[in-house]
Amino acid sequence: MTITTTPTRRRGGSGLLMAAPALLLFGLFGLVPLVGVAALSVARWDGLGSITWAGVTNWTSVLTDSATWQSLWLTVKVMLVSWLVQTPIALALGLFQAPRGRLRALFAVLFFLPLLLSAVAIGLTWQALLDPSFGIGSTPGLHWLAKPLLGSPELALYTVIFAIAWQFVPFHALLYQAGIRQIPTALYEAAALDGAGPVTRFLHITLPQLKYTLVTSSTLMLVGSLTYFDLIFVLSGGTGGPGTATRVLPLSMYITGFQAHDMGRASAVATLLVVFGLGLSLLTTRLSGFTRMDSQQEGM
């Protein structure tokens, strides 16, 4: 018994030792700030003066404020609409980029360019392009775009979602491209011999084999939607406007903390975001069965 268990213990100890730097960094830059924010959520602080105990006052104020629930609804709306827009486009681009070829490789590089730009640069660029007087709406034939898209309470949020999709679709397309390239070609060859057409092969081979890629992409997309701040901040001029049409929860947290100088309430909103994101991530992986990691190439 001693001979068989000692190597296992040594491997476990060496694995923990190798993971120690990552765990240390995660603790310093992840857990410690989170604990600090949770502590501030039950305190009263303007960001400069002394910190005093506030109890559940901040939480009561946040949870009973209609503006909080409106911001949460806008956040959920951005999350769902972004997923509905980005997923089919990213999947289509992934399908296009998956086959080998110079032209497709060139397109893949061009599609990847938005990811190399900062959110601030993208926000300023789209802000200029969507200007009703000097933007793309002034181009002949595109006068129908000469509208205050970012100044309309009905269109501003969807315009922001479009800019977000333009930035992040290439990343998810890259995930789908990698997933498609891992599918054995023998499956497609066997299906072709059985007379299956392109649509049938896509529905019965490609999509089932991309199950976990879809779960990964969706989880990153949905949870990532809870952190959209910088791009919306730039496009809305830092106000979440017009009015509160684009004031999602992260932006509401910033305005509460750094403009209203109420760090206690802002920390309560931040903690609420963390809990919501964690619950969403756990729910996504639980419903999808992602944690079981079943093989997608059974019988191969």
Side-chain angles (χ1 to χ4, degrees), residues 74-98 103-139 141-180 210 213-214 216-242 245-251 254:
L74 289 176
T75 304
V76 173
K77 193 173 182 179
V78 168
M79 179 177 64
L80 295 178
V81 177
S82 293
W83 185 85
L84 291 174
V85 171
Q86 293 184 50
T87 299
I89 297 176
L91 180 57
L93 288 177
L95 284 169
F96 173 77
Q97 296 168 193
L103 183 60
R104 295 176 188 272
L106 175 62
F107 276 114
V109 172
L110 294 177
F111 292 152
F112 197 76
L113 287 179
L115 283 176
L116 303 179
L117 304 175
S118 68
V120 174
I122 292 174
L124 293 174
T125 301
W126 279 110
Q127 198 175 47
L129 288 173
L130 297 175
D131 188 284
S133 301
F134 308 103
I136 55 178
S138 60
T139 305
L142 296 177
H143 295 300
W144 57 279
L145 285 175
K147 300 178 181 179
L149 298 177
L150 291 173
S152 170
E154 294 79 19
L155 300 175
L157 186 67
Y158 298 102
T159 305
V160 167
I161 292 172
F162 170 80
I164 290 172
W166 185 85
Q167 181 182 12
F168 289 105
V169 157
F171 171 75
H172 297 282
L174 194 64
L175 292 180
Y176 287 116
Q177 173 189 327
I180 292 169
L210 290 177
T213 304
L214 178 63
T216 301
S217 174
S218 298
T219 302
L220 292 173
M221 200 179 297
L222 295 175
V223 177
S225 298
L226 302 177
T227 64
Y228 292 153
F229 166 77
D230 40 11
L231 185 57
I232 300 178
F233 180 87
V234 174
L235 289 174
S236 68
T239 63
T246 59
R247 188 171 295 182
V248 293
L249 210 54
L251 187 54
Y254 170 84

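We use all heavy atoms of the structure for the numbers below, so side chains are in, but hydrogens, waters and symmetry mates are not.
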Review item, side-chain donor-acceptor pairs of residues 108-116, under 3.5 Å, at least two apart:
none

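- For the atom pair Arg247 CZ and Thr239 OG1, the distance stands at 6.5 Å (nearest 0.5 Å).
- Note on residues 162-180: pairs passing side-chain hydrogen bond (donor to acceptor under 3.5 Å, both in side chains), not counting sequence neighbours, are Gln97-Gln177, His172-Ser217.
- The main-chain N or O of Met79 is never found under 3.5 Å from a side-chain atom of Ser82 such that the two would form a donor-acceptor pair.
- For Ile136, the side-chain contact (heavy atoms from CB on, under 4.5 Å) partners are Leu129, Leu145, not counting sequence neighbours.
- Taking the side chain as every heavy atom from C-beta outward, Leu226 and Leu249 never approach each other to under 4.5 Å.
- In this view, Trp83 and Thr87, Ser218 satisfy the side chain to side chain donor-acceptor pair (under 3.5 Å) rule, not counting sequence neighbours.
- At least one side-chain heavy atom of Leu220 sits under 4.5 Å from a side-chain heavy atom of Phe171.
- Of all heavy-atom pairs between Thr213 and Gly179, the closest is OG1-CA, 4.0 Å.
- Between Leu214 atom CG and Met221 atom CE the span is 8.5 Å, to the nearest 0.5 Å.
- Taking the ring pair (Phe, Tyr, Trp, His ring centres under 6.0 Å) definition, one finds that Tyr254 meets it with Phe229, Phe233, Phe258, sequence neighbours left out.
- Thr246 and Ser236 get closest at one heavy-atom pair: OG1-CB, 3.5 Å.
- With sequence neighbours left out, the side-chain contact (heavy atoms from CB on, under 4.5 Å) criterion links Asp131 to Ser133, Phe134.
- For Thr75, there are no side chain to side chain donor-acceptor pair (under 3.5 Å) partners two or more places apart in sequence or in a different chain.
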Test side chain to side chain contact (heavy atoms under 4.5 Å, CB included) applied to Ile161 and Lys77, step by step: CA-CA 10 Å; Ile161 292 172; Lys77 193 173 182 179; 5.6 Å; no
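- Residue pairs that meet the side-chain hydrogen bond (donor to acceptor under 3.5 Å, both in side chains) test with at least one member in residues 109-129, sequence neighbours left out, do not exist here.
- For the side-chain contact (heavy atoms from CB on, under 4.5 Å) test, residues two or more places apart in sequence or in another chain that qualify with Ser152 are Glu154, Leu155.
- Between Leu130 and Thr159 the shortest side-chain heavy-atom distance falls below 4.5 Å.
- One finds the CG atom of Asp230 at 10.0 Å from the CG atom of Leu235 (value rounded to the nearest 0.5 Å).
- If you take CG on Leu157 and CD1 on Ile164, they are separated by 8.0 Å, rounding to the nearest 0.5 Å.
- Under the rule for a side chain to side chain donor-acceptor pair (under 3.5 Å), Lys147 has no partner lying at least two apart in sequence or in another chain.
- When all heavy atoms of Ala119 and Leu231 are compared, the closest pair comes out as O-CD1, 3.5 Å.
- Within a 6.0 Å radius of CZ in Phe96, more than 12 heavy atoms belonging to other residues, nucleotides or ligands are found.
- Taking CD of Gln86 as the start and CG of Leu222 as the end, the distance is 9.5 Å to the nearest 0.5 Å.
- Between Val160 and Val248, the closest side-chain pair of non-hydrogen atoms is not below 4.5 Å.
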